[in-house]
**Student:** 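This is the structure I have questions about; it appears just below.
Treat the numbers as computed from the prediction; the structure is a model and nothing was measured.
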There are 2 protein chains.
Amino acid sequence: MHDHAETHDAAGCCGGDAEGAIARAERICRERDLQFTRLRRDVLAAVAAQTRPLGAYDIAERLSEPGRRVAAVSVYRALDFLTEQGFVHRIASRNAFVSCGHAHSDGAGLVFLICRSCGTIDETTSPEVEHQLGRTLAKAGFKPVSRILEVEGECEACLGRPTEA
Amino acid sequence: MHDHAETHDAAGCCGGDAEGAIARAERICRERDLQFTRLRRDVLAAVAAQTRPLGAYDIAERLSEPGRRVAAVSVYRALDFLTEQGFVHRIASRNAFVSCGHAHSDGAGLVFLICRSCGTIDETTSPEVEHQLGRTLAKAGFKPVSRILEVEGECEACLGRPTEA
DNA sequence: GTCAGGGTGATACACTGTAACACTCCGGCA
DNA sequence: TGCCGGAGTGTTACAGTGTATCACCCTGAC
Ligand SMILES: [Zn+2]
Ligand SMILES: [Zn+2]
Ligand SMILES: [Zn+2]
Ligand SMILES: [Zn+2]
């Protein structure tokens, strides 16, 4: 299921700015005394070069070239590291990954906007939603540890375009 | 729908009341002029008998017996039908399915509560969350079509229990 | 009777993710 | 200097999830 929708991948926050994402990750890893290895850098670069989510096998394929075969399992390990450090997010409804240039220190209020037409994944936060969700959970006596909120629909850019058949 | 002041397991809610779920599905299918076949009934019964989510292969195994082998692909088709009609929900973060006894006519405000300790999946709704989410999406110029909101943590029952190993 | 459509059985396959083991590299230490 | 232990990676194998495709049956319409 790979269509073609090459629309906006200029320099935005989430995807398209691989340079910035890598520089930021490198700096943070230095601060945290973690290894930002070549594989981890390449995986992050591959993900950050897209606004659309990439599967692990996609990434492995992109990184492989004559003379260097990157196995999917290695990609998974790199993705584990990158998600733990908050450099990429996993999109549960797509089994795929997107890069993240934000800080969200505690991962609160995160909302993923997945466009059905162009496949772009945008990311936003909403303290109001988070607040109301907290109240709802408290009322149910449920103590949250993590949560996912993914919305599928039409992004602003695609809505602006005429309804192509 | 769904008061949730009590622990709500006894009657007719998310899981455990296979009889009621089947009767309700049968009635609705008759109203909508759809076929509630044996396989679909059995799959719904298997899912409704649990408060924990079941995978498609789990279901296939449970329905198979000497003399009747139910392939996973058949289960998937039945699940497609049941989810389209709203009789079961798919839990994206678990790749699994739970039955639903509610009406949620438009699927609005749905929140899944997944307990890490006992594995139970509870379902609630929150118009407030829905409202704030709508505002957030409108601000982003995003037109939603569907969405998933799944929270993982500790359910009320498990919190009440001392941390039994 | 014939035909079309929906549901099911069955095989095969693609995609997603993990386990287990070997190897390298590199810093610490006797 | 040589040894050791941990982190990262390569490799193979495998488990889990989901789909494509064809064949068969049944039922209702013509
Ligand atoms: Zn982010
Ligand atoms: Zn779009
Ligand atoms: Zn429901
Ligand atoms: Zn629990």
Side-chain angles (χ1 to χ4, degrees), chain A residues 1-3 25-26 29-30 32-47 52-85 87-98 119 148 150, chain B residues 25-26 29-30 32-47 52-85 87-98 119 148:
Chain A
M1 52 166 71
H2 279 99
D3 303 338
E26 198 161 14
C29 282
R30 212 164 19 231
R32 298 180 186 169
D33 197 31
L34 297 170
Q35 300 186 41
F36 193 59
T37 64
R38 178 189 172 200
L39 179 66
R40 291 171 179 175
R41 175 170 44 75
D42 290 352
V43 169
L44 178 57
V47 173
R52 310 165 45 124
L54 278 183
Y57 281 73
D58 266 344
I59 298 170
E61 205 172 319
R62 280 165 197 252
L63 296 188
S64 293
E65 18 173 40
R68 184 195 189 194
R69 186 198 148 213
V70 178
V73 60
S74 300
V75 174
Y76 275 111
R77 284 189 289 229
L79 286 170
D80 284 344
F81 172 84
L82 295 171
T83 51
E84 271 168 24
Q85 300 307 318
F87 302 145
V88 309
H89 297 297
R90 180 181 148 76
I91 307 298
S93 62
R94 297 290 179 107
N95 294 326
F97 300 82
V98 293
I148 61 175
E150 301 174 8
Chain B
E26 197 161 16
C29 282
R30 213 162 24 229
R32 298 180 187 169
D33 200 31
L34 297 171
Q35 301 185 41
F36 193 61
T37 64
R38 179 192 171 199
L39 180 66
R40 291 170 179 176
R41 175 170 44 75
D42 289 351
V43 169
L44 177 58
V47 174
R52 309 163 47 120
L54 278 183
Y57 282 72
D58 264 346
I59 299 171
E61 204 172 318
R62 279 163 198 254
L63 295 187
S64 292
E65 15 172 43
R68 185 195 188 193
R69 184 197 151 215
V70 177
V73 59
S74 300
V75 174
Y76 275 110
R77 283 189 292 232
L79 286 171
D80 284 344
F81 172 85
L82 294 172
T83 51
E84 270 167 25
Q85 301 306 318
F87 302 145
V88 309
H89 297 296
R90 180 180 149 77
I91 307 298
S93 60
R94 297 289 179 108
N95 294 326
F97 301 82
V98 293
I148 62 174

**Student:** Whole Å only: how far is the CG atom of A:D33 from the P atom of D:dA7?
**Tutor:** 12 Å

**Student:** For a quick test of reading the model: is some side-chain N or O of B:Y76 closer than 4.0 Å to OP1 or OP2 of D:dG18?
**Tutor:** yes

**Student:** Just how far, in rounded Å, is P of D:dG18 from CZ of B:R94?
**Tutor:**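 Between P of D:dG18 and CZ of B:R94: 14 Å.
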
**Student:** Rounding to an integer number of Å, can you tell me how far A:L39 CG sits from D:dA7 C1'?
**Tutor:** 13 Å

**Student:** What's the shortest heavy-atom distance between B:V47 and B:V98, and which atoms?
**Tutor:** CG1-C, 3.4 Å

**Student:** CZ of B:F87 to CZ of B:R41: how many Å apart, nearest 0.5 Å?
**Tutor:**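 It is 14.0 Å, given to the nearest 0.5 Å.
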
**Student:** Which residues pass the side chain to side chain contact (heavy atoms under 4.5 Å, CB included) test with A:A92, not counting sequence neighbours?
**Tutor:** A:I148, A:E150

**Student:** Excluding sequence neighbours, so at least two apart, what forms side-chain hydrogen bond (donor to acceptor under 3.5 Å, both in side chains) with B:D58?
**Tutor:**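 B:D58 satisfies side-chain hydrogen bond (donor to acceptor under 3.5 Å, both in side chains) with no residue once adjacent residues are dropped.
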
**Student:** How far apart are the closest heavy atoms of A:A46 and A:L54, and which atoms are they?
**Tutor:** O-CD1, 3.4 Å

**Student:** Between atom CZ in B:R77 and atom P in D:dG18, what is the gap in whole Å?
**Tutor:** 15 Å

**Student:** Using a cut-off of strictly less than 4.0 Å between a heavy atom of the residue and any atom of DNA chain D, enumerate the qualifying residues of residues 62-75 of chain B by number.
**Tutor:** B:V73

**Student:** Taking 4.0 Å as the cut-off, does a side-chain nitrogen or oxygen of B:R90 come that near to OP1 or OP2 on D:dG18?
**Tutor:** yes

**Student:** Is there a side-chain contact between A:N95 and A:R90 (heavy atoms, below 4.5 Å)?
**Tutor:**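 SC-SC contact between A:N95 and A:R90 confirmed.
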
**Student:** So, do A:R68 and A:D42 sit near enough that their side-chain heavy atoms are less than 4.5 Å apart?
**Tutor:**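 SC-SC contact between A:R68 and A:D42 confirmed.
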
**Student:** List every contact pair, protein side and nucleotides 26-30 of chain D side both N or O, where the distance is under 3.5 Å.
**Tutor:**
none

**Student:** Taking CZ from A:F81 and C1' from D:dT9, how many angstroms apart are they, rounded to a whole number?
**Tutor:**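 From A:F81 CZ to D:dT9 C1': 14 Å.
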
**Student:** Show me the donor-acceptor pairs, under 3.5 Å and distance only, between side chains in residues 69-85 of chain B and residues at least two apart or in other chains.
**Tutor:**
from: B:T83; atom 1: OG1; to: B:L79; atom 2: O; distance (Å): 2.8
from: B:T83; atom 1: OG1; to: B:D80; atom 2: O; distance (Å): 2.9
from: B:Q85; atom 1: OE1; to: B:R32; atom 2: NH1; distance (Å): 2.7

**Student:** Between A:D42 (CG) and D:dT9 (P), how many Å, whole number?
**Tutor:**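 Rounding to the nearest Å, CG of A:D42 and P of D:dT9 are 10 Å apart.
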
**Student:** Please figure out whether B:Y57 or B:R40 has its closest DNA chain C nucleotide nearer the 5' end.
**Tutor:**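 So the residue in question is B:R40.
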
**Student:** Compare every heavy atom of B:L44 with every heavy atom of B:F36, then report the nearest pair and how far apart it is.
**Tutor:** CZ-CD2, 4.0 Å

**Student:** If I compare all heavy atoms of B:A96 with all of B:G55, which pair ends up nearest, and what's the gap?
**Tutor:** CB-N, 4.2 Å

**Student:** Walk along DNA chain C from 5' to 3' and tell me the first and last nucleotide with an atom closer than 4.0 Å to a non-hydrogen atom of chain B.
**Tutor:**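 The contacted stretch runs from C:dG6 to C:dT11.
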
**Student:** Return the value, rounded to whole Å, for the distance between atom CD of A:Q35 and atom P of D:dT9.
**Tutor:** 8 Å

